[in-house]
Amino acid sequence: MTAWPPELEGRAQALAGRYPERRSAVGPLLYLAMKHDGGLTAAGVRRVAELTGLTPAQVQGVASFYTMYQEAPGRYLISVCTSISCHLLGGEAVLAAVEEETGVAGGETDGERLFTVEHVECLGACGGAPALQVNYETVEGVTPEAAQRLCRRLREQRPAVIRSDALQEEFGGRPAFDWGPGEAAGAVAPVPAFEPYGTAEAGP
Amino acid sequence: MTAGILFARMEAHRADSHTLERYLATGGYDALRRALAEMTPDQVTAEVKASNLRGRGGAGFPCGVKWGFLAAATPRYLVVNADESEPGTFKDRQLLERDPHQLVEGAAIAAYALGVHQAFVYVRGEYARPARRLQRAVEEAYAAGFLGRGIAGSGFDLDLTVHLGAGAYICGEETALLNSLEGRRGEPRIRPPFPAVAGLYGRPTIVNNVETISNLPWIITHGGTAYDAIGPEGSRGTRLFSLSGHVRRPGNYEVVMGLTWRDLIFGEHLGGGMRAGRGLKAWIPGGASAPWLVPEHLDEPVTIDDAARLGTMLGSGAVIVMDETTDVVAAALSIVRFFAHESCGQCTPCREGTTWMQRVLERILRGAGRPADLDLLLDISDNISPGLRWPPAQTTICPLGPSATAPIVSIMRHFRPEVEARVTRGGAGG
């Protein structure tokens, strides 16, 4: 047994119970494990395996298929889109600017695990190209210069929470569409800021 | 030109179109109430069939016909495909962020029609903000009795779970999505059996796109016949197009199909024409998987069937516009690299072919291309999609591999001299 703290354990059990078969919860549970451990660890994989009735090898086999279960991401995961719409409007220049400012080549992480920089495929922000995400919080219409300012801000202020709405207001340009009102939620780790089981009574 | 079915609420109520309060104040959940109180499940399905609504995820299959294939066994499931990942596409994101209750109500209506008591919305992992908005709507709907036990005072029960993916384009393919939702690697399954017979956990399952499902409240409120009266035959209803690239007004637009490509790209209230007064070189009419169109096609009607006649598709509704300064080899490489990155690796022609096409394009771009590379690219493409015809044949389990041939075939068909110039300039090295 490699139990998690009681609060996390309770959420994990509720999550696994939402599905007709517990193994469906592997993906969401891997996010919980990553948030707890700061990345995907062997201990996290073992706990997810125990919770879903799989072997650690099976869980690892699932995790390795996807790009978002990263083992040792930096505190700020900067994902720059270079798919076709962003490519047409300068996505590669944004990526190069981020690499230059952080000193981290695409696909790599710096020594103190502050930044991971990656080029990613389409983020669904094509009308606001070029786009990037910090810990899966989107910024649209970024210039190379704004992307570098953003990296400097992260390095200097080390914000605990990354919020799409705040990033867009300060570093973004024309968005893909009118986002409507802003929201306060944001990411506290290089894991999507999403709680899939907000109300316990909502479960079956 | 813009016609309000899907975007009407968010356009009229910018500040709160995503809230339950606004949704209810604008007639929300009336369609679900009415379906539960006054209609049998078969009557709901009959309205959807009468609407001639075709799927908005890419394949354009008639929604009601798909529902008709659902096998009788129980339990059965509904899965809403919100794994929007086709390059150029961002319409479902807007529906999720700005009008999530429309989707929740549509899912509940579909579930009632299909005899489903457990439904899932599979949202791509990178859509954290849209998923949060949807989750809040789901919680509001539970609290208000539009999800859960005895919905809206009826005897109908439905649980809806928002499930976040983890960064794999292939999971937008419905059988890969089902594997992913089962906690497996997102590898497509061999069909048949189709999901309607053996889907999630081998049970009968309907998979519908976000936009498709979001149309259902309107169809139930106004009737299938009213929906069928909008737009040309074969392309009924409104349709969301995601415009991106070198247009002056990128964005999502809800239009009645049947307008021309010129209307869509150059219309004052739509694409607004080309940036910086430049000329149009080509556009991709339906996401990165679609073969390209060129200015001679500008006056063709934008319908599902006319696109097919031109050897391409409306696909996911993503229109990616390229101006005269575009390097078509670099653009093709961007798309091929996407497919090489996203190939799940099961099938050799796709796994190896996409990688080799990427390498050949890269060497042409760095000036080391060989004259034979043009035919080599077509030969690799033919190995993945024999005959390079439309709709594409495939040597693979799913259409991802054949999709990767679209940019190759397109630049060879429309811009071969430009590609040839690149290899002769580069010499015979590499």
Electrostatic pair B:R184:A:E21 at N-O distance under 4.0 angstrom: no

Portion of B:C171 that has a non-hydrogen atom of chain A nearer than 4.5 angstrom: side chain

Residue pair A:F65 / B:A168: nearest heavy atoms and the distance that separates them: CE2-CB, 4.1 Å

Backbone of A:W179 reached by a side-chain donor or acceptor of B:R14 within 3.5 Å: no

Step-by-step side chain to side chain contact (heavy atoms under 4.5 Å, CB included) determination, A:H87 to B:L333: CA-CA 10 Å; A:H87 160 79; B:L333 171 60; over 6 Å; no

Side chains of B:R337 and A:S83, donor plus acceptor under 3.5 Å: no

Stepwise side chain to side chain contact (heavy atoms under 4.5 Å, CB included) test for A:T67 and B:Y169: CA-CA 10 Å; A:T67 55; B:Y169 164 77; over 6 Å; no

Spacing of B:R98 atom CZ and A:F177 atom CZ [to the nearest 0.5 Å]: 7.5 Å

Straight-line distance of B:Q94 CD to A:D178 CG, nearest 0.5 Å: 8.0 Å

Between OG on residue A:S164 and CD on residue B:E97, distance to nearest 0.5 Å: 7.5 Å

Region of B:R136 that comes under 4.5 Å of a non-hydrogen atom in chain A: side chain

Proximal component of B:A15, with respect to chain A [non-hydrogen, under 4.5 Å]: backbone

Contacting region of B:A318 [heavy-atom separation from chain A under 4.5 Å]: neither

Distance, nearest 0.5 Å, that separates OH of A:Y31 from CG of B:L164: 5.0 Å

Any donor-acceptor N/O pair, B:R185 side chain to A:V62 backbone, under 3.5 Å: no

Nearest non-hydrogen partners of B:G88 and A:S85, listed with the distance: CA-OG, 3.8 Å

Minimum heavy-atom distance A:P20-B:Q118, with the two atoms named: CG-OE1, 3.4 Å

CA sep, side-chain torsions, deciding dist, call: A:R18, B:H163, side chain to side chain contact (heavy atoms under 4.5 Å, CB included): CA-CA 10 Å; A:R18 267 204 84 85; B:H163 184 99; over 6 Å; no

Ion pair B:R132/A:E195, N-O distance below 4.0 Å: no

From A:Q133 atom CD to B:R129 atom CZ, the distance as rounded to the nearest 0.5 Å: 12.0 Å

Part of B:V321 within contact of chain A (heavy atom distance under 4.5 Å): backbone

Between A:G180, A:G27, A:S64, A:P192, the one whose heavy-atom pairs under 4.5 Å with chain B are most numerous: A:G180

Which atoms of B:E84 approach chain A - backbone, side chain, both or neither, heavy atom under 4.5 Å: neither

Side-chain heavy atoms of B:F338 within contact of A:I84, under 4.5 Å: no

Portion of B:S242 that has a non-hydrogen atom of chain A nearer than 4.5 angstrom: neither

Atom of A:L88, atom of B:M322 and distance for their closest heavy-atom approach: CD1-CG, 3.7 Å

Minimum-distance pair of heavy atoms, taken over all atoms of B:S180 and A:Y66: OG-OH, 2.9 Å

B:Y127 and A:F194 aromatic centres sub-6.0 Å: no

Contact leader toward chain A among B:P87, B:A128, B:S334, where contacts are heavy-atom pairs under 4.5 Å: B:S334

